[in-house]
Structure formats: C-alpha cells, structure tokens
Amino acid sequence: MSEKKNYYKQVYQVTREIPRGRVTTYGFIADYLALGSARMVGWALNNCGTESPAVPAHRVVNRKGELSGRVFFATPTLMQELLEAEGIVVENDRILNFKEVLWKPAYEEEED
DNA sequence: GTGATGACGCAGT
DNA sequence: GACTGCGCCATCA
C-alpha cells in the first residue's frame, strides 16, 4: 500500500531539495528517480496536497519552463506569485530566465 | 481485465 | 520558434 507509493515520497523529497529562487523540471526528476516517464512526476505531485509538509510544487515546471500545474494550486496565479516572490521572473505563465534559475537534482549546487 | 486520462517529453513539420 | 502527433507508465472508471 504505502510502500507502493514510496516513489511519490521520492518526488516530494527531491522537490523539497530545490533551493529558494530555483526551479526544476519534471523530466529531470523523472530521470533522477528513474521513473521512466515525466508523467509519473506530475501524477505524484498531484498527491502532494495530501502530504503534511506542503511540497513546494511551484518550483517544479515542465521542460519549457511553463507553469503547467498552476491550476492545481489554490489560485491559478498563486504559483506565479510564489516564483516571483523568490526572485524568479515569470511572463505569460513561462519563466523568462528559466535556464538561469534551473536546478538539477544530484547536481545540487554544481554552479551558481 | 480493458479503456481512457493525465501538473510531460521528444521528433517531425 | 511554435504547433501537432505519438509514446511513456500509473491510476481511475
């Protein structure tokens, strides 16, 4: 039961590892956890609302840097608000300096 | 057990 | 650079 959904926790864990002012993509998480599909990451984050320590899912975007999951937040603008609050510039639901704020799991602070 | 859906990614156009 | 179609694996009806 819970063990089977352990991979969900893996996704939450990596998401919490994202430093402030940085973001990551479903693809990198999927590759890091070897889920095999980025869809599994999105599906896992869909259940993030059931977690106690509120996973910072607003720091997770798709490969294009789009705030694809904004509709899953309390308000469709909350995700952008949170990102801008961390110094991330968002325009038209997309991160402008995406590559500059992009953070990769395992690599952690490889550069700055 | 089968069919359809989904917070995505990649290749082709 | 943007859009479309297909594939990925897990969960729900």
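Each chain gets a letter, A, B and so on, in the order its sequence line appears, and its residues count up from 1.
With DNA chain C read from its 5' end, the first of the two nearest nucleotides for A:A38 and A:W43 is the one closest to A:A38. Map A:L35 and A:R94 each onto its nearest nucleotide of DNA chain C; the residue landing nearer the 5' end is A:R94.
A:Q10 has its CD atom 16 Å from the C1' atom of C:dA10, to the nearest Å. Distance CG (A:D31) to C1' (B:dC10): 14 Å, rounded to an integer number of Å. If you take NZ of A:K64 and P of B:dC10, they are 11 Å apart, rounded to a whole angstrom. Atom pair A:K99:NZ and C:dG1:C1' shows a separation of 15 Å (rounding to whole Å applied). Between the CZ atom of A:R63 and the C1' atom of B:dA11 there is a distance of 12 Å, rounded to whole Å. Atom C1' of nucleotide B:dG6 and atom CG of A:N62 are separated by 14 Å, given to the nearest angstrom. Rounded to a whole Å, the CG atom of A:L45 is 7 Å from the C1' atom of B:dA7. Rounded to an integer number of Å, the gap from A:I95 CD1 to B:dA7 C1' is 14 Å.
Using a 4.0 Å heavy-atom cutoff across all strands shown, A:N46 reaches at least one base atom of the nucleic acid. Among the heavy atoms of the strands lying under 4.0 Å from A:A57 is at least one base atom, whether or not backbone atoms are also near.
For the pair A:F28/A:D31, no side-chain contact is recorded, criterion being any heavy-atom separation below 4.5 Å from C-beta on. Contact check for A:V23 versus A:I88: side-chain heavy atoms found under the 4.5 Å cut-off. Within the 4.5 Å cutoff, side-chain heavy atoms of A:R20 are placed close to those of A:R59. When side chains are defined from C-beta on, A:V61 counts as touching A:F98, because their heavy atoms get closer than 4.5 Å.
With distances taken from any side-chain atom of A:Y8 to the nucleotides B:dG6, B:dA7, C:dT11, the minimum falls on C:dT11.
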